[in-house]
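Comments concern the structure below.
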Amino acid sequence: MEVYCTRPHCPRPQNYFADLDDITTLKTTQQKYCTTCGMPLLLDGRYVTSKLLGRGGFGAAFLAADRRIPGMRPCVVKQFQPAGNLNSTQLQLAQQLFEREAEVLAQIGDEHEQIPNLFAFFPVIVPSLQAGQQDQFFYLVQEYIDGQNLEEELHQKGKFSEQQVLEVLQEILKVLKFVHDKGIIHRDIKPSNIMRRRDGKLFLLDFGAVKQVTNAPAGGAGSSTGIYSMGFAPPEQMAGNQVFPSTDLYALAVTIITLLTGQEAKTLFDVYSNQWQWRTKVTVNPRLADILDKMLLPAANQRFQSADEVLAALSQQLIPATVLTKPPRQSKPQPIQPQSAFSTWELLGGAAFSGFEGALIAIALLSLLKSPIITLGLASVILGLLIFAQTKRWIEKFDLLIIPGITFAIVFFVPFLQGSLGIQQIFILAVAAGLVAIAFTSLFRLIYKLISLIL
Ligand SMILES: Nc1ncnc2c1ncn2[C@@H]1O[C@H](COP(=O)(O)OP(=O)(O)OP(=O)(O)O)[C@@H](O)[C@H]1O
């Protein structure tokens, strides 16, 4: 069995113990030690670490198994191991934050199904690699979420659609509502701290930076200790001032716009105008965009004040942040319907498909029906249906090659669909129609972008 040594800087952390492949030996053995550095490997007598998951600001996270639970329940072992050269005060603070993660998970982990459960928190004192000294490590064991965090998902699958970010937004808002109601501010919301389990359920992780707030004055219990992720933290947190529920809402909105645009947070913020400039990079329902912009306002008191307020705005008509004093434009609440945002490449691909396919259908129908008027009407209806199917994403990606391929093959093998034209001429005409469609779409897209910039 592979056992991974958790000592920081162990030169050869991978250990292999053939005898531990036997489940009886695994359950009864007293202890095993790293063959390179002598570090105990069965943590707290029960957790067997097998793989390094990653290193964060306060330590490393390992995949482990609990040999005391039937079925060797998988879990995550986090080790306190702050990066960089910290002085004793900073070290103490970092240790407090790590312990706070344990406290918070113990308090809320088993009360909410989208927050990992805490299984154990314990120190381990071991002989140091430097002779005559001892090292103390702190371990926190929590529920393993088998899946991918959203940062990894973004790298692997690319930008999120509007529908996908709406799901993330609504799910995490519900978790935040629960967390805030307990008087806790997470303070480190970002894509790498949101995990999607294999069954699709989203989890909020990393409570290492949380703050309990009880109407504390600035500098008191609710003030920020300078633990944040660059680009995601709002001004009050960056300045080390008091933090609020709206501090988390700001970071959640930054998370959403990075997922929507696929760009890093810092590239979406224009330092010259001191404003988020993300709306030109992606097309979404303007009401969703207004909600995100309100969550991103620099002044904490101008943002939504609670997760509930955002959830309500998402399910009802949005009152734009800038015209809060004006009456709403429509009286009937309307839930936000995700609008499929198409990238420029998708639009141009769709145009080429529609042009090519449209030309083939028109030629085939004209050869069959011999009536230009009926052909025009029927071809327009079919083309309209094909375009509608694309807007709904019923037809996308490889369909755009397969469908014209099949249509061309039919025209090729059924000569009476070719009319008086040769197959070569038909192909050239269809390609020309595809190019014309691309040209028109580019022109309209350009005009649309210019108008949205002006407005
Ligand atoms: N409960 C968990 N289940 C599954 N994977 C986890 C769990 N907790 C953390 N991870 C994964 O372990 C890795 C390290 O996590 P960790 O929280 O230590 O650092 P981080 O979130 O990457 O950085 P930072 O602490 O600086 O925010 C990340 O890839 C994270 O997705």
Side-chain angles (χ1 to χ4, degrees), residues 4 6 8 13 43 47 49-66 69 72-84 86 90-91 93-102 104-106 108-110 112-121 137-157 168 172 175 179 185-211 224-233 237 247-248 251-252 254-255 258-259 264-265:
Y4 198 96
T6 59
L43 299 169
Y47 302 106
T49 43
S50 56
K51 180 178 147 192
L52 177 71
L53 286 173
R55 293 186 191 278
F58 291 104
F62 304 88
L63 177 63
D66 184 348
I69 299 276
M72 299 276 291
R73 177 174 66 187
C75 52
V76 168
V77 167
K78 280 188 155 196
Q79 182 194 45
F80 174 58
Q81 176 197 326
L86 304 187
Q90 289 167 321
L91 197 66
L93 170 69
Q95 189 175 320
Q96 275 169 14
L97 289 166
F98 189 72
E99 287 174 20
R100 192 170 293 140
E101 174 161 14
V104 170
L105 287 183
I108 61 173
D110 55 358
H112 200 289
E113 53 173 12
Q114 286 163 286
I115 297 173
N117 281 329
L118 177 76
F119 295 149
F121 182 69
F137 300 107
F138 288 90
Y139 292 92
L140 182 158
V141 185
Q142 60 176 250
E143 182 185 349
Y144 172 59
I145 313 299
D146 186 11
Q148 252 188 340
N149 69 45
L150 297 191
E151 185 178 72
E152 292 164 342
E153 202 175 303
L154 183 66
H155 283 145
Q156 202 185 75
K157 301 191 185 149
V168 174
I172 300 304
V175 185
V179 170
I185 309 294
H186 185 284
R187 301 195 318 153
D188 201 13
I189 309 275
K190 57 181 175 178
S192 66
N193 283 339
I194 301 173
M195 191 106 191
R196 192 193 300 278
R197 202 168 59 185
R198 278 173 194 271
D199 63 1
K201 193 179 260 306
L202 291 167
F203 285 76
L204 184 57
L205 302 185
D206 212 347
F207 282 78
V210 294
K211 250 327 184 188
S224 177
T225 46
I227 308 300
Y228 53 79
S229 292
M230 276 304 270
F232 292 86
Q237 193 178 353
T247 307
D248 281 344
L252 179 58
V254 182
T255 299
T258 58
L259 295 176
E264 278 186 47

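Numbers for residues simply follow the sequence, beginning at 1. Because only heavy atoms are used, hydrogens play no part in the values below, and waters and symmetry mates are left out as well, while side chains stay in. These numbers come from a predicted model, not from an experiment. All ligand and atom numbering here is 1-based and tracks the order in the structure.
Contact annotation for K78 and ligand 1: only side-chain heavy atoms (C-beta onward) come within less than 4.0 Å of the ligand. In D188, the part holding a heavy atom less than 4.0 Å from any atom of ligand 1 is the side chain.
Every residue was checked against the salt bridge (Lys or Arg N to Asp or Glu O under 4.0 Å) condition with E151, not counting sequence neighbours, and none meets it. Applying the ring-ring contact (aromatic ring centres under 6.0 Å, His included) rule to F119 yields no partners; only residues at least two apart in sequence or on another chain are considered.
Remark: ligand 1 and Y144 share no N or O pair separated by less than 3.5 Å (distance only, no angle test). In terms of polar-atom proximity, defined here as any N/O pair under 3.5 Å, I145 does make such a contact with ligand 1.
Atom numbering of ligand 1 starts at 1 in the shown order; those under 4.0 Å from a heavy atom of A61 are 12 (O), 14 (C), 18 (O). Every atom of ligand 1 is numbered from 1 in the order shown, and the set under 4.0 Å from a heavy atom of V76 is 1 (N), 2 (C), 3 (N), 4 (C), 7 (C). When each atom of ligand 1 is checked for a heavy atom of L205 under 4.0 Å away, the hits are 7 (C), 8 (N), 9 (C).
Between R196 and D146, none of the side-chain N atoms (NZ, or NE/NH1/NH2) sits under 4.0 Å from a carboxylate O, so this pair counts as no salt bridge. A salt bridge does not link D199 with K201: none of the charged nitrogens is closer than 4.0 Å to a carboxylate oxygen. Residues R73 and E143 are not paired through a salt bridge, judged by the lack of any N-O separation under 4.0 Å between the basic side chain and the carboxylate.
The two residues I194 and V168 have their closest heavy-atom pair at CD1-CG1, 4.4 Å.
Among Q79, R55, K190, M195, the residue whose heavy atom lies nearest to atom 27 (O) of ligand 1 is K190.
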